[in-house]
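When reading the values below, keep in mind they use all heavy atoms of this one structure, side chains included, and skip hydrogens, waters and symmetry mates. Protein chains get the first letters and strands the later ones, always in sequence-line order, with residue 1 at the start of each.
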There are 2 protein chains.
Amino acid sequence: MLHVLLHMARHDGPMTSEAIARMLGTNPVVVRRTMAGLRDAGYVRSEKGHGGGWAIAADLEAVSLLDVHRAVGGPRIFAIGSEHSNPDCAVEKTVNAAVEDALRDAEALLVARLGAVSLAELARVFEGHCAQADERRA
Amino acid sequence: MLHVLLHMARHDGPMTSEAIARMLGTNPVVVRRTMAGLRDAGYVRSEKGHGGGWAIAADLEAVSLLDVHRAVGGPRIFAIGSEHSNPDCAVEKTVNAAVEDALRDAEALLVARLGAVSLAELARVFEGHCAQADERRA
DNA sequence: AATCACGATACTTATGATGTTACATGATTC
DNA sequence: GAATCATGTAACATCATAAGTATCGTGATT
């Protein structure tokens, strides 16, 4: 989805679900499903009818990678975690406390890192890469 | 599994797969499947026949939570990550670099934290909790 | 010899993510 | 205003993975 957003930023005029789906090697309906989150968050806008499609609707400076991640679906960052958490067992409580403590710290770091990068910054990094490539070609 | 290991540490004599399964609300075969990793890593030992079962086979000081995690199966820590990683698309490469950078740092922190805690420490923490509880009762 | 417990395999659910089809609705074009 | 285009939504199919289950073999104890 980040991929799509950056492409949209470099593309004037809306992009259709079908075009995006081709780009991602997937299906227009799947695209609409996942883009719905971004639309509800106000990051993109969708227009129906002729010449319709998806377009950026927010200031890219104000949208971080973390924002996109949250809008697109997953508060679930880690593949591990204490699922049952039987509070009857004192051993289990000890274990969970230790694991969750480390997990919380790592998540905080990741959230900070993702929250610190805006889409606009990413776009600038990309433009920089292009400029370097052009230079090499010249 | 951490739960099981600490229980085993406080239990003299081997525990059967069935007893462990009851403890975890699961199935003996599932227990054997996941314990196989711990056995291959040398953290536990399994004995067949009458009076057999599972027992600790290593110094708990030398086994970290990270060791257990790795032995038990998952090198997969994060629920997110760049899966297709189409190297043809320059936009995608930019995005992946940014995300994976943050991901790598968070994973490093988590690995460091989990690697710093040994099962023995955890057992001591647990004993401490028990002592406190006894004190309150007295 | 009987019993107990693990080891291993194969098979069956259960779950979630993804893909697919179909139809309704709104917007544009002619 | 009819045709067309594109999204919105619902319902269903498919796929992959994890978990549960059944069964048999093997070694160890009694």
Side-chain angles (χ1 to χ4, degrees), chain A residues 1 3-5 7-8 11-57 69 71-86, chain B residues 1 3-5 7-8 11-57 69 71-86:
Chain A
M1 280 302 129
H3 186 177
V4 173
L5 286 170
H7 269 290
M8 273 170 50
H11 186 275
D12 50 331
M15 298 182 65
T16 71
S17 301
E18 201 184 330
I20 298 174
R22 255 197 311 274
M23 203 165 81
L24 267 58
T26 180
N27 191 293
V29 177
V30 177
V31 171
R32 287 198 270 271
R33 269 209 287 254
T34 54
M35 296 282 279
L38 295 174
R39 174 178 38 111
D40 295 347
Y43 304 149
V44 300
R45 189 182 10 177
S46 62
E47 300 286 352
K48 291 183 172 182
H50 221 117
W54 300 87
I56 300 285
H69 174 253
V72 101
R76 185 162 230 74
I77 304 236
F78 293 108
I80 56 180
S82 319
E83 51 288 339
H84 347 292
S85 202
N86 175 352
Chain B
M1 279 303 128
H3 185 179
V4 173
L5 285 170
H7 270 291
M8 273 170 52
H11 186 274
D12 50 330
M15 297 181 65
T16 71
S17 301
E18 200 183 331
I20 297 174
R22 254 198 312 274
M23 205 164 80
L24 266 57
T26 181
N27 191 293
V29 178
V30 176
V31 170
R32 285 198 270 267
R33 268 208 288 254
T34 54
M35 296 282 281
L38 294 173
R39 172 176 40 103
D40 294 346
Y43 304 149
V44 299
R45 188 180 10 172
S46 62
E47 301 287 353
K48 292 183 172 183
H50 223 118
W54 300 87
I56 300 285
H69 174 252
V72 99
R76 186 162 230 72
I77 305 235
F78 293 109
I80 57 181
S82 319
E83 52 287 342
H84 344 295
S85 202
N86 174 352

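- Counting non-hydrogen atoms of neighbouring residues, nucleotides and ligands closer than 6.0 angstrom, the CG atom of B:Asp12 reaches no more than 12 such neighbours.
- In this structure, OG1 in B:Thr16 is found 13.5 Å from CD in B:Glu47, a value given to the nearest 0.5 Å.
- Atom P of nucleotide D:dT9 and atom CE of A:Met35 are separated by 14 Å, given to the nearest angstrom.
- If you take CH2 on A:Trp54 and CD1 on A:Ile20, they are separated by 7.5 Å, rounding to the nearest 0.5 Å.
- The side-chain heavy atoms of A:Val4 and A:Met15, taken from C-beta on, include no pair separated by under 4.5 Å.
- Rounded to whole Å, atom P of C:dT12 lies 15 Å from atom CZ of B:Arg33.
- Side-chain proximity of B:Val30 to C:dG19, D:dA19, D:dT23: nearest is D:dA19.
- In this structure, the CG atom of A:Asn27 is 13 Å from the C1' atom of C:dA17, given to the nearest Å.
- Going from atom CE of B:Met1 over to atom NE2 of B:His3 covers 10.5 Å, rounded to the nearest 0.5 Å.
- By the side chain to side chain contact (heavy atoms under 4.5 Å, CB included) test, A:Thr26 pairs with A:Ala21, A:Leu24, A:Val30, A:Val31, sequence neighbours left out.
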Please tabulate, one pair per line, each protein N/O and nucleotide N/O from nucleotides 5-7 of chain C that are separated by under 3.5 Å, including the distance.
| residue | atom | partner | partner atom | Å |
| --- | --- | --- | --- | --- |
| C:dA5 | O4' | B:Gly49 | O | 3.4 |
| C:dC6 | OP1 | B:Ser17 | N | 2.6 |
| C:dC6 | OP1 | B:Ser17 | OG | 3.0 |
| C:dC6 | OP1 | B:Trp54 | NE1 | 3.3 |
| C:dC6 | OP2 | B:Ser17 | N | 3.3 |
| C:dC6 | OP2 | B:Ser17 | OG | 3.1 |
| C:dC6 | OP2 | B:Arg32 | NH1 | 3.0 |
| C:dC6 | O3' | B:Ser46 | OG | 3.3 |
| C:dG7 | OP1 | B:Arg39 | NE | 3.4 |
| C:dG7 | OP1 | B:Ser46 | OG | 2.8 |

